[in-house]
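These figures come from a predicted structure and were not determined experimentally. In what follows, chains are A, B, ... by sequence order, proteins preceding strands, each numbered from 1.
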Amino acid sequence: MTDPRRRPAEPAPERPAPRAGGIAARASAAAAPTPDYLNGLNPEQREAVETLDGPLLVLAGAGTGKTRVLTARVAHILSQGRAYPSQILVVTFTNKAAREMKERIHAMVGDQVEGMPWLGTFHSIGVRILRRHHELVGLKSGFTILDTDDQIRLLKQLLAAENIDEKRWPARLLASTIDGWKNRGLSPKDVPPGEGAVFANGRGGTLYAAYQARLKALNAVDFGDLLLEGIRLFRENPDVLAEYHKRFKYLLVDEYQDTNVAQYLWLRLLAQGSKNVCCVGDDDQSIYGWRGAEVDNILRFESDFPGARVIRLERNYRSTGHILASAAHLIAHNEGRLGKTLFSEGEDGEQVTVTGAWDSGEEARAVGEEIEALQRAGHKLSEIAILVRASFQMREFEDRFVTLGLPYRVIGGPRFYERAEIRDALAYLRCVNSSADDLAFERIVNVPKRGIGDATVKQIHDVARAAGLPLQEATRVLTESEELKPKVRGTLRGLVEAFGRWREQARVMSHTELAEIVLDESGYTEMWQKDRSAEAAGRLENLKELVRSMEPFENLSGFLEHISLVMDTDNGAGEDAVQVMTLHSAKGLEFDTVFLPGWEEGLFPHQRALDEQGKAGLEEERRLAYVGITRARASARIFVASNRRIHGMWNSTVPSRFLDELPDAHVRVEESRGGAGWGGSGYGGGSYGQSRFDRAEPFAASSYSTPGWQRAQSNRGRTDSGPSRGGFSERGGRYDAGGSARRGPMVIEGTLVATSTGAASAFNTGERVFHIKFGYGEVTGIDGNKLTVQFDKAGEKRVLETFVEKA
DNA sequence: GACTCACTGATTTTT
DNA sequence: TCAGTGAGTC
């Protein structure tokens with residue numbers, strides 16, 4: 001993240017430092033030069049940094065410098081000698097936030113940050129504590145942490161054992177139910193009987209208890225347990241808790257509005273010691289209620305921590321006046337907030353725009369054109385973001401950008417460690433690391449396909465249960481008997497022997513080498529090499545990345561221990577590409593220009609939020625809108641489509657109520673080029689009869705008269721054949737309907753067929769090609785620069801020649 | 001045990 | 001519309 005308003009690196013020059021130890025130095029201690037880390041803080045920020053004693057709640061609105069306050073506070077505690085680095089607990093929600101915090105503290109205090117073992121996520125600190133006291137919560141050392149996938153498989157087994165129809169009561173549902181209980185700090189015995197009865201005709205509570213028992217038997221915990229077991233540890237062992245009370249002199253919590261009950265309880269137990277707990281958050285940015293976050297935690301802070309001070313940060317350093325005013329006016333429609341009034345001393349800037357489009361396709365085209373205009377005007381693509389409510393919206397933009405040849409990057413989506421190939425690879429390594437890791441063994445026993453089916457797996461299970469052995473052992477026993485068919489027996493024996501061999505090799509070679517050998521010899525790499533689908537290449541690349549990511553670790557178990565908690569990769573960061581992501585994953589980020597498409601009733605606010613959570617749901621959606629708008633520094637552009645395809649059916653839509661909640665004075669309504677917009681298309685939403693969006697303003701007010709566009713026009717001659725993207729792809733996309741407002745020469749895609757050489761296509765029919773999106777295929781037809789390709793997986797498609805390469 | 005076809009359901013996502 | 005899943009067939 002970049003902060004353009006970073007404090008000056010140099011201390012104020014006009015104050016010479018007093019001679020060390022001199023009388024003057026001591027005498028002027030109170031009026032000592034402002035330490036570096038305090039420079040440039042506004043009075044409220046400074047107060048938040050310097051109020052060290054007792055509970056403190058910092059209500060930090062969007063863009064008010066909350067991370068800066070947190071980091072400066074750590075620096076202040078250290079420089080005042082109030083605590084050693086190891087006596088400060090700093091908790092964040094994500095690994096990314098923890099990493100950034102660490103970097104920023106490092107920038108202030110240097111290597112002292114290395115002595116801060118207690119800076120991390122709730123979960124990573126939770127594990128740390130559990131590992132130290134595992135025996136007190138009934139775990140053996142080296143317990144494993146299950147991810148969601150493992151959890152589901154375990155629950156499926158339980159459901160099957162209980163003869164519960166998985167069709168009616170899916171394991172997924174049970175997993176999220178249990179998760180919900182854990183988020184609320186409820187262990188099986190605490191679940192209210194009525195609630196436990198909801199699942200599977202009254203067996204929910206029992207299943208939860210059985211699940212916990214299975215976890216213990218496997219010497220495993222899930223994510224929820226990392227906190228829940230911690231709470232139990234503290235409650236049942238006051239001496240252990242006292243030890244942590246003594247240790248943690250200061251506690252700092254980031255994004256407090258996102259804490260759930262379990263995290264709150266955990267924190268409160270720890271905070272009872274020094275009482276120097278500082279929570280930073282913004283109730284207006286609480287958007288994770290659906291996964292257990294309790295806004296109440298922040299609303300109740302003062303009563304939970306008696307004597308608490310509350311400091312509000314309301315001076316916004318990020319956005320221009322119009323953007324800020326729009327966001328503030330919108331969020332003011334929420335009740336039940338602590339209330340902050342953001343203000344900025346910067347310029348008013350550009351108004352927030354609302355643009356109507358005929359349908360989602362036109363919406364994507366309009367956004368694409370605006371981005372191209374911005375790009376020509378010299379804006380960096382990485383400073384442009386598209387923030388959507390739901391991920392299905394991304395597709396249309398991706399398609400468009402591929403057509404335009406516009407570099408983009410999707411943020412979020414399945415995370416690295418969630419990818420099947422990574423989990424498979426990890427499962428192999430887990431099996432090597434511990435022969436008792438049954439879930440891992442089960443995962444890979446038939447990956448790649450070895451002809452080991454359900455029946456065989458069941459046999460192994462039976463032996464394991466009867467003899468009380470882990471699956472790997474049971475398999476070995478089974479292969480020594482006559483029970484299996486010779487072929488299966490041979491396969492399994494080979495596998496068990498391989499694990500034995502790898503375990504031997506683990507002693508003599510580095511863990512990265514070992515990983516490569518395991519993936520090779522198991523046939524796993526080969527499996528993907530043979531796969532001809534579009535993703536295969538990426539998956540192999542991911543496997544390489546996995547091995548690379550092992551390097552910094554000392555050994556295999558060290559790597560595996562951290563992997564389940566910290567496994568996000570910053571792949572491709574830094575390249576200049578448009579950022580596409582959901583509103584949720586945009587929290588905490590900022591961009592010069594933010595596009596906010598899909599502001600329609602049902603999508604945003606999302607129908608499901610309204611149906612399931614009613615008013616609370618609506619308010620959370622509104623906070624999401626607030627988060628979206630406040631991501632923008634200079635330009636926020638909202639889009640509405642009057643028609644959108646939902647589940648394959650075209651529906652006409654009603655503009656979002658949030659649009660009517662924006663302040664007139666700060667918003668400019670535009671019409672999408674093409675004139676097809678939805679203005680006056682019979683919208684009767686809202687209780688005011690006519691919405692102001694029914695009177696779209698004349699085109700003169702369009703975004704293309706903005707300074708950016710004017711600059712773009714004057715630059716056009718130079719940039720049209722610009723350096724960024726070659727050839728016709730840039731124009732190739734601009735063939736959409738309605739050329740009335742088209743800038744530059746209108747180019748119909750077909751006229752681009754003859755490229756400069758005038759030569760025929762570089763491809764021949766029958767040739768094998770690879771397409772970034774559709775994978776491998778065979779050319780079946782050529783029409784100028786367009787190829788008809790029969791893709792192995794995606795079927796027949798017409799694609800531009802530039803997007804395929806020879807396979 | 002592997003492959004194919006029909007069915008279902010479809011926000012947001014971290015650890 | 002479409003992807004992911006489970007039952008049914010070879």
Side-chain angles (χ1 to χ4, degrees), chain A residues 91-98 120-127 145-152 156 165-167 170-173 176 179 182-183 221-228 255 258-260 262-263 286-293 360 387-396 411-415 417-418 420 446 448-458 485 487-488 491 562-568 581-588 598 602-613 617 620-621 623-625 627-628 644-651 793-795:
Chain A
V91 218
T92 63
F93 271 82
T94 63
N95 291 305
K96 188 164 161 246
T121 62
F122 275 100
H123 293 86
S124 67
I125 291 170
V127 198
I145 301 161
L146 302 194
D147 56 36
T148 323
D149 230 48
D150 293 327
Q151 252 183 73
I152 304 265
K156 275 194 178 158
D165 182 12
E166 228 243 278
K167 273 269 177 62
R172 262 180 197 291
L173 179 64
S176 62
D179 226 43
K182 290 190 173 178
N183 283 341
V221 292
D222 64 18
F223 283 118
D225 287 337
L226 296 179
L227 292 163
L228 210 52
E255 305 277 18
D258 287 340
T259 49
N260 60 37
Q263 287 157 339
S286 165
I287 54 174
Y288 285 110
W290 50 273
R291 79 182 183 207
S360 46
L387 310 183
V388 298
R389 177 60 184 74
S391 40
F392 75 82
Q393 292 173 262
M394 292 179 182
R395 234 190 94 166
E396 204 114 29
I411 314 285
R415 274 161 300 290
Y417 66 92
E418 267 176 18
N446 197 32
K449 300 234 186 319
R450 306 187 164 88
I452 313 292
D454 292 347
T456 314
V457 172
K458 189 169 177 304
K485 289 197 194 102
K487 201 174 152 213
V488 175
T491 311
H562 287 264
I563 202 72
S564 39
L565 292 173
V566 195
M567 190 67 209
D568 46 356
M581 67 188 92
T582 64
L583 285 158
H584 282 89
S585 41
K587 198 176 69 156
L603 176 59
F604 193 36
H606 201 281
Q607 194 57 45
R608 229 162 128 168
L610 303 179
D611 291 347
E612 288 168 15
Q613 305 287 327
E620 184 152 312
E621 295 285 301
R623 290 194 289 269
L624 205 45
V627 167
R644 191 174 292 278
R645 199 161 40 179
I646 301 162
H647 309 330
M649 298 250 289
W650 282 99
N651 291 71
K793 296 267 158 111

Does the structure show Trp290(A) stacking with dT12(B), if we require the centres to be closer than 5.5 Å and the planes to be within less than 30 degrees of parallel? yes

Atom-to-atom span, CG of Asp147(A) to C1' of dT13(B) - whole angstrom: 14 Å

With a non-hydrogen cut-off below 4.0 angstrom, is Gly453(A) in contact with a base, only sugar-phosphate, or nothing? sugar-phosphate

Would you say that Arg644(A) contacts Asn651(A) through its side chain, given a criterion of any heavy-atom pair below 4.5 Å between the two side chains? no

Proximity to the side chain of Asn95(A) - top-ranked nucleotide from dT15(B), dG1(B), dT11(B): dT15(B)

Write down the distance between CD1 (Ile646(A)) and C1' (dT1(C)), rounded to a whole number of angstrom. 12 Å

Is Thr148(A) touching bases, backbone alone, or none of the nucleic acid, heavy atoms closer than 4.0 Å? base

Checking contacts here: which listed nucleotide (dT1(C), dT15(B), dT12(B)) is nearest the side-chain heavy atoms of Thr121(A)? dT15(B)

Is there a stack between His647(A) and dG9(B), judged by ring centres under 5.5 Å and planes under 30°? no

Can you tell me, in whole Å, how much space there is between the P of dT12(B) and that of dT5(C)? 16 Å

Using heavy atoms to find the nearest nucleotide of DNA chain B for Val488(A) and Gly224(A) separately, return the residue whose nucleotide is more 5′. Val488(A)

Above 12 or not: heavy atoms from other molecules or residues under 6.0 Å from CG of Asp454(A)? no

Atom-pair distance (CZ on Arg291(A); C1' on dT12(B)), nearest Å: 9 Å

Just call it for Ala609(A): base, sugar-phosphate, or nothing, with non-hydrogen atoms closer than 4.0 Å on any strand. base

Does His606(A) offer a backbone N or O that forms a donor-acceptor pair with the side chain of Glu621(A) under 3.5 Å? yes

For dT13(B), does either OP1 or OP2 sit under 4.0 Å from a side-chain N or O belonging to Thr582(A)? yes

In this structure, how many angstroms lie between the P atom of dA2(B) and the NZ atom of Lys487(A), rounded? 9 Å

On the nucleotide dT12(B), are OP1 or OP2 found under 4.0 Å from the side-chain N or O atoms that Ser585(A) carries? no

Within the pair Thr456(A) and dG1(B), is there a side-chain N or O less than 4.0 Å away from OP1 or OP2? yes

Figure out the OH/C1' separation between Tyr288(A) and dT14(B), and round it to whole Å. 7 Å

side-chain contact (heavy atoms from CB on, under 4.5 Å), that's the test. Do Leu227(A) and Gln263(A) meet it? Break it down for me. CA-CA 7 Å; Leu227(A) 292 163; Gln263(A) 287 157 339; 3.4 Å; yes

Spacing between Leu227(A) atom CG and dT14(B) atom C1', to the nearest angstrom: 12 Å

Between atom CD in Gln151(A) and atom C1' in dT15(B), what is the gap in whole Å? 11 Å

Tell me which nucleotide among dT13(B), dG1(B), dA2(B) gets nearest to the side chain of Lys449(A). dA2(B)

Does the ring of His606(A) lie flat against the base of dT11(B), closer than 5.5 Å centre to centre with planes under 30°? yes

Counting any heavy atom closer than 4.0 Å, what does Gln263(A) reach on the DNA or RNA strands: base, sugar-phosphate only, or nothing? nothing

Measure all distances between protein nitrogen or oxygen atoms and nitrogen or oxygen atoms of nucleotides 3-10 of chain C, and list the pairs falling under 3.5 Å.
none

Has Asp222(A) got a side-chain atom pairing as donor or acceptor with Asp225(A)'s backbone, closer than 3.5 angstrom? yes

Is there a donor-acceptor pair under 3.5 Å between the side chain of Gln151(A) and the backbone N or O of Leu146(A)? no

Could you tell me whether a side-chain N or O of Glu620(A) sits under 3.5 Å from a main-chain N or O of Gly617(A), the two making a donor and an acceptor? no

Atom-pair distance (CD1 on Ile145(A); C1' on dT14(B)), nearest Å: 14 Å

From the options dT11(B), dT13(B), dT15(B), select the nucleotide whose nearest atom is closest to the side chain of His584(A). dT13(B)

I'd like to know if the side chain of Gln393(A) reaches the main chain of Ala390(A), judged simply by a donor and an acceptor atom lying under 3.5 Å from each other, with no hydrogens or angles considered. yes

Just to verify, what does His584(A) make a ring-ring contact (aromatic ring centres under 6.0 Å, His included) with, not counting sequence neighbours? Tyr288(A), Trp290(A)

May I ask you to evaluate whether Asn446(A) reaches the phosphate of dG1(B), defined as a side-chain N or O under 4.0 Å from OP1 or OP2? no

